[in-house]
Amino acid sequence: MPPGLCRAKLSLTLHPEPPTMLKRTHTCGQPRLADAGKTIALNGWVNTYRDQGRGLLFVDIRDRDGLCQVVFNLEHASPELVQQAKALRREDVIGVRGILRLRSGEPNHKLATGEVELAAEELEIFNKAENPPILPDDHDAEKIGEETRLKYRYIDLRRPRMQHILRTRSKVTKLARDYFAANGFAEVETPLLIKSTPEGARDFIVPARLHQGMWYALPQSPQLFKQILMVAGFDRYIQICKCLRDEDPRADRQAEFSQIDLEMSFVEREDVMTMMGGFAHAVWHDILGYDIGRIEQMTWQEAMDRFGIDRPDLRNPLEIREITDIVAGSEFQVFQQAVEKTRAGRSGCVKAIRVPGGAEKLTRKMTDGYSEFVKQFKTGGVAVAKFTAAGFDTGVAKHLEPFKDALVARLALQPGDSVLIVADHWDTATKALGELRLKVGRDLGLVNESEWRFLWVIDFPMFDWDEDGQRWVAMHHPFTSPNPDQFHLLESEPGKCLSAGYDLVVNGSEIAGGSIRIHRMDVQEKVFKLIGLTKEDADAKFGFLLSALRHGAPPHGGIAFGLDRLLMHLVGTDNIRDVIAFPKTQSGGDLMIDAPGPIDEQQILDCGMKVTLLEKKS
RNA sequence: GGGGUGGUAGCUCAAUUGGUUAGAGUUCCGGCUUGUCACGCCGGUGGUUGCGGGUUCGAGUCCCGUCCGCCUCGCCA
């Protein structure tokens with residue numbers, strides 16, 4: 001090792017040769033009272049300057065590590081130095097050397113370095129900065145428009161908050177590599193230029209110059225390659241990789257995102273869940289000092305029935321109950337019509353949420369708002385009633401009164417409660433109430449924000465019936481295996497067949513998902529057939545996988561942890577762009593580099609193409 | 001593709017029913033200031049009101065189109 005460099009520990013004393021620049025001896029957050037009296041040097045950016053007039057000037061110098069006050073004082077430094085320092089402005093990049101000393105004035109308890117200051121004797125200005133469009137202060141940043149922050153990302157990222165987030169991200173990826181390496185996983189890279197697949201999200205595509213008229217696709221995940229690595233005998237694989245899906249972004253979703261991707265051989269569902277649960281434990285322990293305890297499990301059906309969503313937020317105490325059977329005989333048209341509906345083989349239903357104390361807590365304005373709110377999920381509205389000692393009151397009370405005893409028993413109603421009811425197709429009502437449950441929980445402050453509630457959701461259906469395409473579609477992906485006891489349903493009742501998939505949910509957010517895969521070619525072919533993939537299509541698209549399955553595929557399964565979402569939880573943000581160094585906007589643009597952009601005509605010709613834009617239909 | 005919301009000084013925002021020269025804080029520039037720390041005080045610079053068109057005696061404000069940011073439905077195996 002060259003002197004000054006460490007194999008595994010941070011070192012800042014890099015002096016293999018006599019320095020030609022004013023090089024730091026400490027980072028800006030390091031100096032402490034114990035260092036007082038030493039001559040030290042700092043490198044960094046001018047965070048603020050405070051000119052006190054005549055010969056006294058304070059400069060706060062900032063680097064990745066923190067802030068330190070530098071004082072330029074005529075009594076201790078030359079007039080030339082003080083003059084030079086007076087010209088310093090925000091975000092200039094400098095080096096300063098001098099004696100670290102106890103502050104003459106009051107200590108600043110807001111700074112880790114607040115008891116000391118650097119009495120400057122030498123100053124080197126590495127680079128003057130233009131007047132910055134934004135300042136890298138956390139207290140300003142929350143107010144600054146994101147558009148400006150993204151355009152000047154190199155300034156935004158200087159903020160302590162952003163430095164903290166990206167360093168936390170780095171800690172998590174290091175932790176992942178350490179944890180999985182210790183458990184026998186090998187990191188293997190898989191290709192970025194692959195072939196477009198028919199299932200799943202829209203692919204990003206790349207023209208193939210050497211095969212004119214042909215296209216690569218960028219991977220939505222390394223799914224097939226990691227399965228092939230199992231066939232290839234790697235047994236335990238991990239990769240921290242980029243995945244790309246050409247779909248519209250959201251607050252918690254980017255077209256380009258990262259996942260901690262792994263796959264294991266000779267395992268069953270519980271083995272993968274245990275391995276990944278251990279990683280979640282390690283992350284929450286090491287990053288937040290929190291013990292997540294034993295992770296609960298819940299079937300998909302129970303999650304949908306009780307919470308109306310496949311990733312329930314267990315911090316929210318409200319639950320959904322089906323009351324279709326109770327009100328089936330109702331003359332209330334809304335209930336009647338719902339019960340008569342059918343879609344995807346399911347009858348319509350009537351479902352309710354009991355809101356404890358809702359009679360007082362839910363105002364008319366709020367419940368009116370809830371009816372508006374659920375319309376975005378394509379249902380008509382919310383039926384509301386209060387429950388008192390005398391029975392149902394207001395709203396749809398008269399339609400509920402005939403079924404009072406049964407409803408009280410089913411919903412465990414107490415006087416003073418309210419009931420919120422949605423009647424519609426099963427999927428519509430479930431979705432609407434699932435979302436409404438979350439909204440009411442937030443509105444009434446029922447969610448303890450400081451809590452972490454982890455949950456494995458298991459026993460997903462293998463297939464969803466696609467009404468438009470009139471066919472089965474894989475709920476997870478078409479390489480997911482049925483549960484071992486479900487194989488017989490694959491042919492007889494595919495709609496009832498449960499898969500060996502599993503999702504890890506924390507506080508209502510899916511942070512990891514995976515499954516045991518199909519390792520037998522005959523089963524894989526059966527699934528392809530069920531989702532309407534002809535043998536020819538399957539061979540053309542996935543022939544290599546079918547071939548691999550014929551040549552000795554071990555039982556295997558895996559999971560992928562969404563790195564971006566994981567970070568969102570760890571640092572407490574609801575904006576995925578905050579945890580990505582260079583994120584894209586909702587229209588897929590990068591405001592800093594101004595992408596996407598045009599390319600030279602020659603580049604297009606090289607691919608044997610010409611571009612004709614279709615007119616927008618109006 | 002649909003719905004919502006926003007775009008005014010470098011930054012964050014204001015501007016009454018369509019009515020004078022579009023204001024404020026902050027940044028920046030100049031001056032003052034020897035213990036500040038989001039320093040303070042005084043003064044000053046700074047505007048194609050996203051862009052294009054229209055209505056009007058008169059448009060930041062109303063209308064049409066368009067671009068961009070954010071939230072959301074669809075979509076995201």
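Proteins come first, then strands; the chains are lettered A, B, ... in the order of their sequence lines, and each starts at number 1. This is a predicted model, so every value here is computed, not measured.
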Discussion item. Can you tell me if T48(A) touches the phosphate of A38(B), counting only side-chain N or O atoms and a distance under 4.0 Å to OP1 or OP2?
Written reply: no
Item to complete: Ignoring backbone atoms, test whether K151(A) places a side-chain nitrogen or oxygen under 4.0 Å from the OP1 or OP2 oxygen of C68(B).
Response: no
Worksheet item: Within the pair Q52(A) and G40(B), is there a side-chain N or O less than 4.0 Å away from OP1 or OP2?
Response: no
Worksheet, complete the sentence: C70(B) -> Watson-Crick or G-U wobble partner, both distances under 3.5 Å, gives G4(B)
Fill in: Short side-chain N/O contact to C70(B) OP1/OP2 from R149(A), under 4.0 Å
no
Item to complete: Just call it for P133(A): base, sugar-phosphate, or nothing, with non-hydrogen atoms closer than 4.0 Å on any strand.
Response: sugar-phosphate
Worksheet item: Between U36(B) and R103(A), is there an OP1 or OP2 to side-chain N/O distance shorter than 4.0 Å?
Response: no
Discussion item. Both R577(A) and Q223(A) contact RNA chain B. Which one's nearest nucleotide lies toward the 5' end?
Written reply: R577(A)
Fill in: Under 4.0 angstrom between S587(A) side-chain N/O and G69(B) OP1 or OP2
yes
Worksheet item: Atom CG of D464(A) and atom P of C75(B): how far apart are they, to the nearest Å?
Response: 10 Å
Item to complete: Any chance you could list the contact pattern along nucleotides 26-32 of chain B? Use B for base contacts, S for sugar-phosphate-only contacts and - for none, protein heavy atoms under 4.0 Å, 5' to 3'.
Response: -SSSS--
Worksheet item: Looking across every strand, which nucleic acid part, if any, lies under 4.0 Å from E372(A) by heavy atom: base, sugar-phosphate, or nothing?
Response: nothing
Response to the item:
Sorted by chain and residue number, the ring pair (Phe, Tyr, Trp, His ring centres under 6.0 Å) partners of Y237(A) (sequence neighbours excluded) come out as none
Worksheet item: Could you write nucleotides 2-8 of chain B as a row of B, S and -, 5' to 3', where a protein heavy atom under 4.0 Å of any base atom gives B, of only sugar-phosphate atoms gives S, and otherwise -?
Response: -------
Discussion item. Looking at C73(B), I'd like to know if its phosphate oxygens (OP1 or OP2) sit under 4.0 Å from a side-chain N or O belonging to R250(A).
Written reply: yes
Item to complete: Consider the side chain of L56(A), meaning its heavy atoms from C-beta on, and name the nucleotide among C73(B), G35(B), C11(B) that approaches it most closely.
Response: G35(B)
Response to the item:
Result for 5'-nearest mapping on RNA chain B, choosing between Q69(A) and A201(A), is Q69(A)
Discussion item. Taking the six-membered ring of F257(A) as reference, does the cationic atom of K242(A) (NZ for Lys, CZ for Arg) lie under 6.0 Å from its centre and within 45° of its axis?
Written reply: no
Worksheet item: Is the distance from OP1 or OP2 of C39(B) to the nearest side-chain N or O of R50(A) less than 4.0 Å?
Response: yes
Worksheet item: Taking the inter-plane angle between the rings of F373(A) and F377(A) on a 0 to 90° scale, is it parallel (under 30°), tilted (30 to 60°) or perpendicular (over 60°)?
Response: perpendicular
